[in-house]
2 protein chains.
Amino acid sequence: MTRDAPVLRTDPVRRLLDAATEAFAERGFHATTTRDIASRAGMSPAALYVHFRSKEEVLYQIALRGHQDARQIVADAPAGLRTHGERLSAIVRDFACWHAGEHTMGRVVQYELDALEPDHRAEVILLREQIEDDVLGEISAGITSGEFGTPDAKGAALVLLSLCVDVARWYRPDGRLSPAQIGDLYATTALQVVAAR
Amino acid sequence: MTRDAPVLRTDPVRRLLDAATEAFAERGFHATTTRDIASRAGMSPAALYVHFRSKEEVLYQIALRGHQDARQIVADAPAGLRTHGERLSAIVRDFACWHAGEHTMGRVVQYELDALEPDHRAEVILLREQIEDDVLGEISAGITSGEFGTPDAKGAALVLLSLCVDVARWYRPDGRLSPAQIGDLYATTALQVVAAR
DNA sequence: GTCTATATATCGATAGAC
DNA sequence: GTCTATCGATATATAGAC
């Protein structure tokens with residue numbers, strides 16, 4: 001039986017990205033040194049520059065992969081569900097739950113984008129807007145079908161996206177709510193927000 | 001007619017605190033240099049150290065005053081209002097509106113606390129918990145009186161506080177919604193969140 | 001209380017051996 | 001591809017003139 005875990009564990013790019021994600025989430029991009037990243041990955045300070053051109057490129061790779069993961073979560077959530085209420089609930093549940101379970105990644109993805117170079121930032125923001133469009137589209141469809149009563153689709157989308165994203169700020173693994181419980185709370189909240197006023 | 005604006009404008013402590021608030025909000029605490037703060041205040045790099053012991057003490061003074069302001073907003077909002085719905089709406093409206101209008105201060109207050117020394121951070125977190133207790137108390141009172149139907153006071157408080165705080169992250173002065181419009185949207189959302197499920 | 005000049009430390013990134 | 005050693009730039013904070 002072949003095992004690929006050792007191969008993954010010793011992949012230096014993966015190790016550096018994971019180490020940098022932790023460090024950026026804890027202390028922020030500018031407060032994190034390349035020495036700290038390399039040290040967490042069990043490497044010398046110079047080793048980072050064999051795999052990345054700069055500290056900014058490390059952040060770019062993390063932000064890109066993080067946004068791609070988040071987009072996939074939102075795109076997959078409503079699969080197989082028919083009503084717009086079920087679909088929106090699933091999207092908000094999974095998106096909130098992801099920001100809790102992956103709160104280190106989420107913190108980097110949501111709070112360190114200003115440190116990216118303009119071209120990299122623009123590329124990442126495109127992915128963000130796709131996620132926002134997915135949520136707004138589901139809300140608008142529910143309003144058109146008569147299932148949702150709110151007259152303000154953009155306002156509801158703003159509220160629900162903001163809620164999910166902010167989970168990465170306040171979530172603590174030893175807190176009162178598990179990622180799944182947060183997902184349940186936010187799925188319920190989603191239906192309240194799109195209800196008639 | 002006496003004018004006090006010139007006096008205020010030349011108060012070096014106030015000028016440095018305002019300059020630092022702007023810089024911290026734009027680039028974060030660690031990415032901001034003491035030279036940048038002093039330069040924005042129209043002073044030499046060394047002048048900052050006449051009024052503050054360190055860059056961290058500048059952040060501490062900003063975080064302290066910002067939290068005191070926020071607490072005052074939440075405490076004053078329900079004055080003169082009788083029903084718990086009116087009172088909670090007013091609290092959420094004013095708190096969200098404050099995070100929009102004072103988004104530079106809000107960003108520092110909400111996102112740079114990790115840069116504080118342990119003693120300073122602990123002092124500021126006490127003020128945060130008072131604000132959280134104010135909101136939770138109003139929700140619990142509304143549930144006890146039968147005015148609110150939600151069975152989950154802590155969940156509702158978590159959702160509403162998170163929403164208001166996150167305004168500081170996404171708000172832009174040239175955006176679609178004014179601070180007052182954001183307050184209206186969030187006041188409406190508050191009543192939806194505490195309604196029966 | 002503000003300035004110029006600088007001490008001291010640490011950073012991002014590179015050079016060159018193995 | 002990883003290491004040790006280090007360069008050049010820049011940071012916080014201080015010293016001392018005015």
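First the proteins, then the strands, lettered A, B, ... as listed; each starts at 1.
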Exercise for the section: Determine, stepwise, if the pair B:Arg14 / B:Asp18 fulfils salt bridge (charged side-chain N to carboxylate O under 4.0 Å, His left out). Expected result: CA-CA 6 Å; B:Arg14 165 61 53 187; B:Asp18 288 347; 3.4 Å; yes
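- The span of DNA chain C lying next to chain A, judged by atoms under 4.0 Å from heavy atoms, is bounded 5' to 3' by C:dC11 to C:dA15.
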Exercise for the section: Take A:Asp184 and A:Arg93 through the test salt bridge (charged side-chain N to carboxylate O under 4.0 Å, His left out) and record every step on the way to the result. Expected result: CA-CA 6 Å; A:Asp184 288 343; A:Arg93 171 183 281 110; 3.2 Å; yes
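- Here ring pair (Phe, Tyr, Trp, His ring centres under 6.0 Å) pairs that include residues 62-82 of chain B, with residues two or more places apart or in two chains, number zero.
- Residue pairs meeting the ring pair (Phe, Tyr, Trp, His ring centres under 6.0 Å) criterion with at least one member in residues 148-192 of chain A, sequence neighbours excluded, are A:His103-A:Tyr171.
- Tracing side-chain contacts under 4.5 Å through hydrophobic residues (I, L, V, M, F, W, Y), one never reaches B:Ile131 starting from B:Ile62; they form parts of separate clusters.
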Exercise for the section: Using the salt bridge (charged side-chain N to carboxylate O under 4.0 Å, His left out) rule, take B:Arg40 and B:Glu26 through it: C-alpha gap first, then chi angles, then the decisive distance, then the call. Expected result: CA-CA 13 Å; B:Arg40 286 177 194 246; B:Glu26 279 177 22; 3.1 Å; yes
Using nucleotides 13-15 of chain D, report all nitrogen or oxygen pairs with the protein that are shorter than 3.5 Å.
unit_1, atom_1, unit_2, atom_2, d
D:dA13, OP2, B:Tyr49, OH, 2.8
D:dA13, OP2, B:Lys55, N, 3.1

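- Atom CG of residue A:Asp36 and atom CG of residue A:Leu48 lie 11.0 Å apart, to the nearest 0.5 angstrom.
- Once rounded to the nearest 0.5 Å, the distance linking CD1 of A:Ile37 with NZ of A:Lys55 reads 6.5 Å.
- Annotated stems with DNA chain D as a participant read C:1-18 with D:1-18, given as range with range, by first number; only runs of 3 or more Watson-Crick or G-U pairs under 3.5 Å qualify.
- Among the atoms of the strands shown, only primed sugar atoms or phosphate atoms (P, OP1, OP2) are found under 4.0 Å from some heavy atom of A:Thr33.
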Pair up each side-chain donor or acceptor in residues 150-168 of chain B with any protein partner under 3.5 Å, not counting sequence neighbours, and list the distances.
unit_1, atom_1, unit_2, atom_2, d
B:Thr150, OG1, B:Asp152, N, 3.2
B:Asp152, OD1, B:Gly155, N, 2.8
B:Ser162, OG, A:Asp166, OD2, 2.5
B:Asp166, OD1, B:Arg169, NE, 2.7
B:Asp166, OD2, A:Ser162, OG, 2.6
B:Asp166, OD2, B:Arg169, NE, 3.4
B:Asp166, OD2, B:Arg169, NH2, 2.7

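- Aromatic ring orientation, B:His99 versus B:Phe95: perpendicular (interplanar angle above 60°, classes split at 30° and 60°).
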